[in-house]
Amino acid sequence: MATSSSILLLAALLALVSWQAIASDPGPLQDFCVADMHSPVRVNGFVCKNPMEVNADDFFKAANLDKPRVTNKVGSNVTLINVMQIAGLNTLGISIARIDYAPLGQNPPHTHPRATEILTVLEGTLYVGFVTSNQPAPNRNKFFSKVLNKGDVFVFPVGLIHFQFNPNPHQPAVAIAALAARTQGLSQLPMQCLGQTHQYQMMFLPRHFRWKRIQLTISRLSSGRTTTTKTGIC
Ligand code: MN
């Protein structure tokens, strides 16, 4: 009887310890693990380059993040610096991006499956937001949004759908985003909706992003000029 109690206690202790062990990602086991992009070995991430061959250039990129970028058809450009650009980021759980927004440009709704994002506005104004997951009511798919000005900071929790929109029809905007992953992952909502008709957007938007509120914000920030036919966040 006493033996079975001891075994039970031991099992309980082991369960407790194993729960603690998987509660978070393990920390690095060495100073760095610069990604060896040429290795044929496939693991979860990249294998380490021989540390004797590592130098400062493995942690560096002349990325010109101070320079404006040409924006795409939805009016944004994300210049991402992750482990694919700086091999030294491998295993370190961090990356960065410069995001340019044309006047009325948007970084359409998307998620990062592996990274929380923290965004700092360097120039201009941004209307940003995210939507919660299917939590119990009243927080089910709750929409959080904010108008950010130069110097403001906003956080997008890992895995949640989020977006940024430049409501100013005359001025571009610039932001720097830090991401808590060497490769944050990107899952975009169906890009088709961005290329669809205005009628499609008007059908889709009110349900998912409270389009009326966005319209009001745009109108207020655009000196009375309405922009509903030129903008779309799906
Ligand atoms: Mn993002």
Side-chain angles (χ1 to χ4, degrees), residues 25 45 61 63-86 89-90 92-135 141-168 172-195 201 204-205 208-211 213-214 217-218 231-234:
D25 288 343
K61 183 175 181 64
N64 295 318
L65 284 192
D66 58 321
K67 302 290 192 302
R69 264 59 174 179
V70 176
T71 53
N72 61 21
K73 66 178 182 179
V74 295
S76 65
N77 187 328
V78 179
T79 306
L80 185 62
I81 308 295
N82 63 18
V83 70
M84 304 307 293
Q85 286 78 36
I86 299 181
L89 282 173
N90 194 34
L92 297 183
I94 192 169
S95 54
I96 195 171
R98 173 193 168 107
I99 312 176
D100 289 77
Y101 309 85
L104 301 180
Q106 60 178 279
N107 186 13
H110 61 277
T111 70
H112 305 297
R114 298 184 291 278
T116 289
E117 175 177 348
I118 181 167
L119 186 95
T120 303
V121 179
L122 299 185
E123 295 292 343
T125 300
L126 288 177
Y127 177 71
V128 305
F130 66 83
V131 183
T132 63
S133 58
N134 292 345
Q135 302 175 67
N141 303 130
K142 192 172 180 182
F143 181 51
F144 291 77
S145 67
K146 194 83 179 168
V147 175
L148 308 180
N149 295 304
K150 183 175 181 178
D152 289 348
V153 176
F154 195 80
V155 173
F156 305 106
V158 59
L160 300 188
I161 293 173
H162 59 280
F163 70 91
Q164 300 103 39
F165 171 70
N166 176 9
N168 192 314
V174 180
I176 290 288
L179 297 135
R182 60 185 163 180
T183 51
Q184 79 289 357
L186 175 65
S187 179
Q188 291 179 304
L189 295 189
M191 288 302 291
Q192 306 92 295
C193 60
L194 293 171
Q201 292 186 2
F204 185 86
L205 289 169
H208 295 272
F209 288 97
R210 300 188 181 177
W211 180 238
R213 183 184 295 181
I214 295 174
T217 304
I218 294 168
T231 59
I233 299 170
C234 59

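Atoms within each ligand, like the ligands themselves, are counted from 1 in listed order.
- The heavy-atom pair separating Gln85 from Leu80 by the smallest distance is OE1-O, 3.0 Å.
- Around the Mn ion (ligand 1), the protein contributes the following N, O or S atoms under 2.8 Å, ordered by chain and number: His110 NE2, His112 NE2, Glu117 OE1, His162 NE2.
- Judged by distance alone, with hydrogens and angles left aside, the side-chain atoms of Thr111 form no donor-acceptor pair with the main-chain N or O of Ile161 at under 3.5 Å.
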ask   = Checking ring-ring contact (aromatic ring centres under 6.0 Å, His included) for the pair Tyr127/Phe165: CA distance, chi angles, key distance, verdict?
value = CA-CA 5 Å; Tyr127 177 71; Phe165 171 70; 7.1 Å; no
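- The shortest non-hydrogen separation linking Val78 to Ala97 is CG1-CB, 4.0 Å.
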request  = Test side chain to side chain contact (heavy atoms under 4.5 Å, CB included) on Ile118 and Val153 and set out the steps.
outcome  = CA-CA 7 Å; Ile118 181 167; Val153 176; 3.4 Å; yes
message = Does Leu160 form a side chain to side chain contact (heavy atoms under 4.5 Å, CB included) with Val131? I'd like the steps, not just the answer.
response = CA-CA 6 Å; Leu160 300 188; Val131 183; over 6 Å; no
